[in-house]
Amino acid sequence: MSDHYDDLEVRPAEARERNLFERLPAFLARACNQAPALAERLRDVDCLRVCDRQALSRLPLMRKSELVTDQRLRPPFGGVATQPWGPRTVRVFASPGPLYEPQGGRRDYWRMARALRAGGFRPGMLVHNSFSYHFTPGGAMFESGAQALGCTVFPAGIGQTELQLQAISTLQPDAYVGTPSFLTILLDKAEELGIATNSLRVTQVSGEAFPKSLRERLTARGITASQVYATADLGLIAYETRPNEGLVVDEDVIVEIVRPGTGDPLPDGEVGEVVVTTFNPDYPLIRFATGDLSAVLPGASPCGRTNVRLRGWLGRADQTTKVRGMFVHPAQIAEILRRHPEITRVRLVVDNINSRDKMRLLAETATRQNGIATRLADSLRELTKLRGEVELHIPGTLPNDGKLIEDLRKWE
């Protein structure tokens with residue numbers, strides 16, 4: 001049986017891109033008509049002309065911190081949801097901030113069934129769900145996807161390790177979803193108590209790093225393991241189909257990789273911030289900046305799916321730091337790149353030498369024009385109000401990790 005959820009996963013990449021951007025203009029127009037905050041954000045935008053990536057990249061980024069502020073001023077959802085209460089909004093969840101997210105009444109609201117199918121979940125399986133069921137939507141996200149796929153779900157939630165193992169021993173579930181750390185706790189406790197967990201054949205994890213050692217341990221037990229990249233606000237973003245082959249982007253989102261601190265798209269392969277646009281009619285998040293770093297992998301997935309792949313989670317994009325009492329932001333360092341086109345990559349390194357903060361601006365350039373280091377130092381001082389040294393490097397020598405600011409100071 002094919003592990004593809006539907007034919008959308010194997011359509012030509014050009015057809016997918018065309019379909020997404022044929023849908024986007026009308027979707028944006030409807031969202032602005034129904035969500036007052038979006039209408040305000042995009043008041044100077046002709047939505048019907050946002051029909052390619054270049055046009056999309058000109059729209060402002062939306063950040064969680066802004067949503068938190070907007071929700072305080074305009075509860076409950078900051079004017080972004082198209083309907084606060086009623087049959088289209090069946091639940092409300094809360095994430096740290098606090099940030100409140102609606103759950104609409106549509107089947108598989110967070111689109112998780114696609115990821116579960118790719119991970120080996122099949123109709124008729126019993127799924128042991130150890131994601132949280134209260135306040136945050138993790139449990140509901142995976143439950144709705146599993147049920148849409150035709151699975152039965154045991155809503156275990158978090159904690160109560162021995163009771164969860166008792167349920168596993170009695171019910172003999174085929175599959176597990178939850179965080180990898182809690183799965184480790186369950187397996188270790190099961191070994192300690194002599195409880196068999198060999199009914200588990202597949203597992204899908206999210207919310208944390210998934211170390212190679214744990215994957216190998218699960219494989220040795222005959223368990224097929226995969227990971228998912230999803231958030232409470234956006235739902236599914238990308239999912240693993242084969243180990244170490246990247247995460248395939250979901251069919252119903254547009255993903256951009258942008259330079260941290262800006263909304264500027266980066267070429268494939270460059271590490272940057274993940275920005276997502278959803279087609280959720282109830283909660284239309286447009287160019288939502290996740291704060292996560294990743295990069296697009298080259299080529300197609302060996303599994304046959306044709307959508308782009310992400311390398312996975314590579315860290316956080318918010319690298320703001322304080323130097324000599326002044327905040328230094330990634331956007332300020334990105335502005336240096338804009339001002340000096342002869343620079344191809346830049347990185348600010350902050351250290352503490354003899355109890356004094358020190359900044360070094362590392363810049364890649366193929367030219368050695370007279371005065372370039374001085375001009376860069378002047379821009380750094382103008383933008384940050386702080387002095388720093390400049391080091392010039394040949395192209396390709398600085399790390400491609402998405403960092404514009406690297407803080408080496410020790411706070412112990």
Side-chain angles (χ1 to χ4, degrees), residues 13-14 16-25 27-28 38 41-42 44-47 49-64 66 229 231 233-234 237-238 246-279 284-300 306-319 329-347 363-364 395-396 398-405:
E14 298 80 7
R16 174 183 298 106
E17 188 81 352
R18 184 171 59 252
N19 175 260
L20 289 172
F21 283 95
E22 285 175 350
R23 296 167 57 195
L24 184 60
F27 176 80
L28 290 177
L38 287 180
R41 291 177 63 85
L42 303 181
D44 297 325
V45 175
D46 183 350
C47 293
R49 291 184 178 273
V50 185
C51 53
D52 57 29
R53 287 185 180 268
Q54 184 177 5
L56 178 62
S57 71
R58 291 193 287 267
L59 304 187
L61 295 181
M62 179 185 294
R63 296 195 174 276
K64 283 193 177 185
E66 296 173 357
Y229 177 27
T231 71
D233 359 70
L234 297 163
I237 299 173
L247 304 178
V248 176
V249 170
D250 179 43
E251 294 294 325
D252 210 38
V253 297
I254 299 173
V255 170
E256 303 168 84
I257 303 294
V258 307
R259 195 180 306 283
T262 77
D264 301 336
L266 289 170
D268 290 356
E270 291 289 309
V271 177
E273 184 174 11
V274 179
V275 170
V276 181
T277 295
T278 73
F279 287 88
L285 300 181
I286 311 302
R287 297 204 82 209
F288 188 80
T290 64
D292 296 325
L293 292 175
S294 193
V296 172
L297 285 173
T306 56
N307 210 343
V308 297
R309 294 174 297 153
L310 303 181
R311 279 177 56 187
W313 187 80
L314 301 177
R316 292 293 292 172
D318 185 8
Q319 300 151 31
H329 302 275
Q332 295 169 312
I333 309 307
E335 178 62 23
I336 295 175
L337 275 173
R338 290 199 187 95
R339 292 188 177 189
H340 300 275
E342 65 273 27
I343 302 301
T344 55
R345 184 170 289 163
V346 71
R347 187 185 193 96
E364 287 187 0
L398 297 183
N400 177 23
D401 57 6
K403 285 187 178 181
L404 289 172
I405 301 175

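Residue numbers start at 1 and run along the sequence shown. Heavy-atom basis, side chains included; hydrogens, waters and symmetry copies ignored. This one's a predicted model, so the numbers in the text were calculated from it and none came from an experiment.
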Can you establish whether the number of heavy atoms outside Arg339 located under 6.0 Å from its atom CZ is more than 12?
-> yes
Which pair of heavy atoms, one from Leu266 and one from Gly272, lies closest together, and at what distance?
-> CD1-CA, 3.8 Å
Can you list the residues that meet the side-chain hydrogen bond (donor to acceptor under 3.5 Å, both in side chains) rule with Glu17, with sequence neighbours excluded?
-> Arg53
Are Phe21 and Leu56 close enough that some pair of their side-chain heavy atoms sits under 4.5 Å apart?
-> yes
So do the side chains of Cys51 and Pro25 get within less than 4.5 Å of each other, counting heavy atoms only?
-> yes
Do you know which two heavy atoms are closest between Pro260 and Leu293, and how far apart they sit?
-> CG-CD2, 3.9 Å
Compare all side-chain heavy atoms of Asp252 with those of Thr278 and state whether any distance is below 4.5 angstrom.
-> no
Heavy-atom donor-acceptor pair, Gln319 side chain to Leu404 backbone, under 3.5 Å | yes
Side chain Ser57, main chain Pro265, donor-acceptor under 3.5 Å | no
Using salt bridge (Lys or Arg N to Asp or Glu O under 4.0 Å) as the criterion, point out the one residue from Arg316, Arg345, Arg347, Arg311 that pairs with Asp401.
-> Arg347
Might you point out which heavy atoms bring Leu337 and Val346 nearest each other, and give the distance in Å?
-> CG-CG1, 3.6 Å
Side-chain donor/acceptor of Asn400 to backbone N/O of Val271, under 3.5 Å = yes
Are Leu59 and Val50 side-chain neighbours, meaning at least one heavy-atom pair lies under 4.5 Å?
-> yes
Minimal non-hydrogen separation, Ala317 against Pro330, with atom names = O-CG, 4.3 Å
Check: Ile343 and Glu364 side chains under 4.5 Å, non-hydrogen atoms = no
Heavy-atom pair with the smallest gap, counting every atom of Ser294 and Gly312 | OG-O, 2.7 Å
Supply the atom-to-atom distance Thr290 OG1 to Leu61 CG, rounded to the nearest 0.5 angstrom.
-> 10.5 Å
In short, Leu38 meets Pro284 closest at the heavy-atom pair CD1-O, 3.3 Å
Output yes when a side-chain donor or acceptor of Glu256 lies under 3.5 Å from a complementary backbone atom of Val276, and no otherwise.
-> no
After noting the C-alpha distance and the side-chain angles of Val275 and Val255, does the key distance pass the side chain to side chain contact (heavy atoms under 4.5 Å, CB included) rule?
-> CA-CA 6 Å; Val275 170; Val255 170; over 6 Å; no
Can you list the residues that meet the ring pair (Phe, Tyr, Trp, His ring centres under 6.0 Å) rule with Phe27, with sequence neighbours excluded?
-> Phe279
Take Glu335 and His329 through the side chain to side chain contact (heavy atoms under 4.5 Å, CB included) test and state the conclusion after the steps.
-> CA-CA 10 Å; Glu335 178 62 23; His329 302 275; over 6 Å; no
Full working for side chain to side chain contact (heavy atoms under 4.5 Å, CB included) between Ile257 and Glu270 = CA-CA 8 Å; Ile257 303 294; Glu270 291 289 309; 5.9 Å; no
What distance separates Leu24 CG from Glu22 CD, expressed to the nearest 0.5 Å?
-> 11.5 Å
Nearest 0.5 Å please: distance from the CD1 atom of Ile237 over to the OH atom of Tyr229.
-> 4.0 Å
Thr262: partners by side chain to side chain contact (heavy atoms under 4.5 Å, CB included), with sequence neighbours left out = Arg259, Asp264, Ala334, Arg338
Could you tell me the separation between the CE atom of Met62 and the CD1 atom of Ile286, rounded to the nearest 0.5 Å?
-> 6.5 Å
Do Leu42 and Pro60 come close enough that some side-chain heavy atom pair is under 4.5 Å?
-> yes
Evaluate the side chain to side chain contact (heavy atoms under 4.5 Å, CB included) criterion for residues Arg309 and Val296: first the C-alpha distance (whole Å), next the side-chain angles of each, then the deciding distance (0.1 Å), finally the verdict.
-> CA-CA 6 Å; Arg309 294 174 297 153; Val296 172; over 6 Å; no
What's the spacing between Ile254 CD1 and Phe288 CZ if we round to 0.5 Å?
-> 16.0 Å
Can you measure from CG (Leu314) to CG (Asp292) and round to the nearest 0.5 angstrom?
-> 9.5 Å
Looking at Arg58 and Asp44, does any basic side-chain N land under 4.0 Å from a carboxylate oxygen?
-> no
